[in-house]
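Letters A, B, ... mirror the listed sequences (proteins, then strands); counts begin at 1.
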There are 2 protein chains.
Amino acid sequence: MGRTSDARERLLQAAIDLIWTHSYASIGVDQICNQAGVKKGSFYHFFPSKTDLALAAYDEHWRSIQPQLDAIFSPLVRPLDRIERWCDALYQHQKALHAQFGRVCGCPYANVGTEIGSQDERIRSKISELFGRAQQYLESALRDLAAEGLSSAREVRATASAIHSCELGLLVRAKVANDPEVLRELGPAVRRLLGLKAPSRIAA
Amino acid sequence: MGRTSDARERLLQAAIDLIWTHSYASIGVDQICNQAGVKKGSFYHFFPSKTDLALAAYDEHWRSIQPQLDAIFSPLVRPLDRIERWCDALYQHQKALHAQFGRVCGCPYANVGTEIGSQDERIRSKISELFGRAQQYLESALRDLAAEGLSSAREVRATASAIHSCELGLLVRAKVANDPEVLRELGPAVRRLLGLKAPSRIAA
DNA sequence: GTTCAGGTAAACCGATCGGTCAAGAAACGG
DNA sequence: CCGTTTCTTGACCGATCGGTTTACCTGAAC
């Protein structure tokens, strides 16, 4: 019954875009409404608060990238290649964002997590949840890698943790340097963490 | 001539404390003034803008921690021990902050860098500069490590970069998880990055 | 074709934002 | 002691913040 609308989806998309390219606190509800072509009254019809919009937006963002992660980490791909492709996709993605917006955007989860994680428990918890999901892809690949004898099975979690940390740190550094090329360090760093001292020396 | 005051120093300290434990945008000039016991008019007597306060505050913060870094990275200490002590100091420091404020605060530079690095070029540049300084400590230790034959001299910069990235990423994860124990992963991760597969297995 | 939930529009709210201003108080150099 | 400079004070500014309210419109279901 009643009419239908895609205003909710437009608000979610506008929120992701604006918060990612700027920051949570610097983007007002009015700006999100403008970008989405929605009036404030409608905003608060769909979301009880800005926080609730953000929570929904991050769920939506994860939903939108999950298929890409599933493809990259497909069990049909050799585990080491999964990780290499993931490193490359991260770099390409941030490079594209840099070309589009003139600045490195970094990790949308980490950005908002560090910004308001100490002030909004619900958002902190949501980001923590998404971090956990991301790490599962790495753990799965590492277990398959261990099955190939290329990695120690005992330290799968620790290794995935280290790789994830390295990724997040590089995204921070790339953003602060405003240079996506920083992210090319991820591949070599991951290989070191895996104990693979001999990467493709030709391309070095 | 004229009267003297330590209001400037109090403002810098209040700014560091409040922004570190909350965020840049969520802390207003009024709050900083209150915490420092300074009236707004005085604030703008000392600083032309909130941005300028932040820039001065980060210089002041670096100035305050530099002696500790100099001590940790003393050339009199064996290079590997410098890095181990640095890892431990990081953990202890964040643990103390967590005990004091009930939350992991993370890296003050990275926090503000990711928050407003895309919006304020001067602050982004300042954080980038401080990151560079921090990395110099690591590079110096790695060069001394190479002189001991424990590390490859060719990849000093890349290794220091990777270690720094890992540190920043762990600080993000610790903040998002609100758990300082995450930072205990730094030591093992650094050892892997250095190619030292055999840490103290007893304490594992 | 009417009904009515679902959605929109625009005015409005108190609070707070970063920043300004002008007048006065304090303390240093002379 | 005076004059100058430095610092303090508190009122004030327009803009924007997240959020509310109310009346009105629209369209799918019966």
Side-chain angles (χ1 to χ4, degrees), chain A residues 1-19 21-58 60 112 115-124 126, chain B residues 1-19 21-58 60 112 115-124 126:
Chain A
M1 345 174 151
R3 65 209 279 198
T4 60
S5 165
D6 63 340
R8 187 188 147 91
E9 284 67 37
R10 278 182 285 133
L11 285 169
L12 290 174
Q13 193 57 53
I16 293 169
D17 292 348
L18 289 173
I19 295 175
T21 52
H22 299 77
S23 75
Y24 181 82
S26 76
I27 295 298
V29 173
D30 294 293
Q31 283 171 267
I32 296 173
C33 288
N34 281 340
Q35 169 120 344
V38 169
K39 292 298 160 60
K40 213 176 199 176
S42 294
F43 179 102
Y44 284 98
H45 170 71
F46 290 106
F47 303 100
S49 74
K50 187 186 176 188
T51 295
D52 289 279
L53 165 74
L55 291 172
Y58 283 109
E60 167 62 23
V112 77
E115 182 185 350
I116 43 174
S118 349
Q119 303 163 67
D120 190 312
E121 175 58 22
R122 291 164 68 206
I123 290 186
R124 189 200 62 75
K126 168 61 67 181
Chain B
M1 333 172 159
R3 67 204 275 192
T4 59
S5 166
D6 63 341
R8 187 187 147 91
E9 284 66 38
R10 277 182 284 132
L11 284 169
L12 290 174
Q13 195 56 54
I16 293 170
D17 291 348
L18 289 174
I19 295 176
T21 52
H22 299 77
S23 73
Y24 180 82
S26 76
I27 294 298
V29 173
D30 294 293
Q31 282 171 268
I32 296 173
C33 288
N34 281 341
Q35 169 120 345
V38 170
K39 293 297 160 61
K40 212 177 200 176
S42 293
F43 179 102
Y44 284 98
H45 169 73
F46 290 106
F47 303 101
S49 73
K50 188 187 176 188
T51 294
D52 289 280
L53 165 74
L55 292 172
Y58 283 109
E60 167 61 24
V112 76
E115 181 184 350
I116 45 175
S118 351
Q119 302 164 67
D120 191 310
E121 174 59 22
R122 292 163 68 207
I123 290 185
R124 188 199 63 73
K126 168 62 66 183

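- Listed by first and then second residue, the side-chain hydrogen bond (donor to acceptor under 3.5 Å, both in side chains) pairs that reach into residues 41-52 of chain A are A/Ser49-A/Asp52, A/Thr51-A/Asp120, A/Asp52-A/Arg122, sequence neighbours excluded.
- Between A/Asn34 atom CG and C/dA10 atom P the separation is 13 Å, expressed in whole Å.
- Distance, B/Lys39 NZ to C/dG24 P: 17 Å, rounded to whole Å.
- In this structure, B/Glu9 atom CD and D/dC7 atom C1' are separated by 13 Å, rounded to whole Å.
- Here B/Ser5 lies in heavy-atom contact (under 4.0 Å) with sugar-phosphate atoms only.
- Here the closest non-hydrogen pair linking B/Ile32 and B/Leu18 is CA-CD1, 3.9 Å.
- Of all non-hydrogen atoms in A/Ala54 and A/Ile123, the two that sit nearest each other are CB-CD1, 4.0 Å.
- Listed pair B/Thr4 / C/dA26 fails the phosphate criterion, with no side-chain N or O lying under 4.0 Å from OP1 or OP2.
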**OP:** Summarise protein proximity over nucleotides 13-26 of chain D in one line of letters, 5' to 3': B for base, S for sugar-phosphate only, - for none, counting protein heavy atoms closer than 4.0 Å.
**Re:** ----SBBBB---BB
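- Judged as a ring-ring contact (aromatic ring centres under 6.0 Å, His included), and not counting sequence neighbours, the contacts of A/Tyr58 are A/Tyr109.
- Taking each heavy atom of A/Phe46 and A/Arg8 in turn, the nearest pair found is CD2-CB, 3.8 Å.
- Residues B/Ala14 and B/Gln35 share a closest heavy-atom pair of CB-CG, 3.6 Å.
- If you take CG of B/Asp6 and P of D/dT6, they are 17 Å apart, rounded to a whole angstrom.
- With rounding to whole Å, A/Phe47 atom CZ is found 12 Å from C/dG7 atom P.
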